[in-house]
Amino acid sequence: MSALILCYHSYRFGQPAYADDDFIALDSDLAAIRRSGLPIVTAREIAEALVGRRPWADVDRGIAITFDDGACLDFSPFMHGSHGELRPFRDSLERHDAAATSFVIASPDCRQRLEHEALSGEPMLGEDWWQPAVASSRFEIGNHSWDHNHGVMPGFAPGADGRGSFLPIANAQAAAWEIDQAQDYIARAVGSPPALFAYPYGDVPPFVATQYLPEAASRLGLLGAFTTEGCAVAPTTDPWRIPRVVCGDHWRSPEQFAALLNSLRDNG
Ligand SMILES: [Zn+2]
C-alpha cells in the first residue's frame, strides 16, 4: 500500500542527457508511467487520502507530479538569452494527459534576487503564469514559502537566526513570516489559498511539522506538507511530512526510474 510523489525543477534545462535535464527526464518518466498502467494522481489527492477526505484506494499505487521553486518553464515557453526558445513541462503533461502541482516562492523581491544570482539574470521567476496555469486545470499552485529562507535575502526572517536552510524557521513568528505571508500573497494572485506546502530545501523544522502546521492548518487552508525524504507515501504517513523523490537526486536514469515503478507495483 503506497504511492509515489515525484519532484522536478524546471531550471534544470538545456542539457543533453536525462541525468541533468528535467525536461528529458519528465517526458521519459511520464511515458514509462503510462506504459506501466499505474495511475497518475495528484499531490492534493494523496494529501486528501492521508487526512481521511477520500479513501486510500483512490491513490494506492498512484504517482503524483510536483515541480519546485516556480520557474515559469513549469507552464510557459521561455525565450532564453543563450538557449533560445525553451518549451515548458506543460508540453509533457499535455502529451501524457497528466496534471501537476507547482510549489512557488511568493516574495517578488526574493524571486528577482534569485533571477540575478542563480539564473544569469533571465526573468524566469515571474508570477504572471500562476493564474493561467490554474485556469488550465492541469496545474495546482502550492506554497513553497515566502522567500525559501534563502541566502540571497538580506538579514534574517523575523524570529529566525540563520538562512540557507529551513531549519531556522523554528518558532511561530518565523513560521508566520514564511508560511502565512506566502499563503496570503499566493491567494491574492490565484484567487484562493494554496492547499499544499513544500518545505524549502526539503528541511523539516520539527516545530513547524509537529506543532505549527497542525494547529494553523484550518486557519490557513492547508491540507498537507511535502518533504524530499526520498521514499514512498504510506496510508499512515504524517500529512505534515509527506515524502517525495527528487529527479536528479534520488533517480538519474530511465533504468533507476523503472526500478522505482517496480517497487511501487510490488508494494501495492
Ligand atoms: Zn526549493
Side-chain angles (χ1 to χ4, degrees), residues 5-13 20-23 25-26 43-44 47 64-75 78 88-89 100-120 122-127 129-130 133 139-153 156-157 160 162-170 174-175 177-183 185-186 189-190 194-205 208-209 213 222 224-231 240-252:
I5 306 176
L6 312 176
C7 175
Y8 300 85
H9 295 88
S10 69
Y11 58 77
R12 299 184 81 235
F13 58 82
D20 303 306
D21 187 304
D22 280 14
F23 293 80
L26 177 66
R44 180 197 279 257
I65 312 295
T66 67
F67 305 143
D68 271 15
D69 299 324
C72 62
L73 275 169
D74 287 9
F75 180 77
F78 182 76
F89 280 161
T101 304
S102 287
F103 289 101
V104 304
I105 297 167
S107 160
D109 179 28
C110 178
R111 287 185 275 111
Q112 283 186 2
R113 288 171 188 267
L114 285 171
E115 286 171 350
H116 287 285
E117 304 221 3
L119 295 170
S120 312
E122 297 285 345
M124 301 181 72
L125 290 171
E127 60 185 72
W129 63 274
W130 298 353
F139 280 80
E140 173 158 357
I141 299 294
N143 179 344
H144 197 37
S145 83
W146 176 247
D147 63 8
H148 214 279
N149 204 32
H150 204 286
V152 297
M153 299 299 288
F156 295 151
R163 286 196 177 274
S165 155
F166 207 59
L167 296 178
I169 307 306
W177 174 268
E178 288 291 352
I179 299 170
D180 302 24
Q181 189 175 203
Q183 283 293 104
Y185 188 92
I186 297 166
V190 304
L196 309 174
F197 176 75
Y199 294 99
Y201 311 100
D203 293 336
V204 182
V208 173
L213 284 175
L222 285 170
F226 297 81
T227 75
T228 53
E229 196 187 337
C231 59
W240 305 110
R241 291 180 173 86
I242 306 173
R244 296 181 294 166
V245 288
V246 180
C247 184
D249 185 358
H250 298 116
W251 83 96
R252 295 178 60 81

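Order of listing sets the numbers, starting from 1, for every ligand and every atom in it.
Comment: Asp68 engages Arg244 in a salt bridge, judged by a side-chain N to carboxylate O separation of less than 4.0 angstrom.
The Zn ion (ligand 1) sits nearest to atom NE2 when only the N, O or S atoms of His144 are considered. The atom name of the N/O/S atom in Asp69 closest to the Zn ion (ligand 1) is OD1.
Contact annotation: Asp68 places no N, O or S atom under 2.8 Å from the Zn ion (ligand 1).
Annotation: side chain of Ile186 is in contact with side chain of Val104 (closest heavy-atom distance under 4.5 Å). Within the 4.5 Å cutoff, no side-chain heavy atoms of Phe103 are placed close to those of Pro194.
When each of Phe67, Phe13, Tyr11 is checked for a ring pair (Phe, Tyr, Trp, His ring centres under 6.0 Å) with Phe89, only Phe67 meets the rule.
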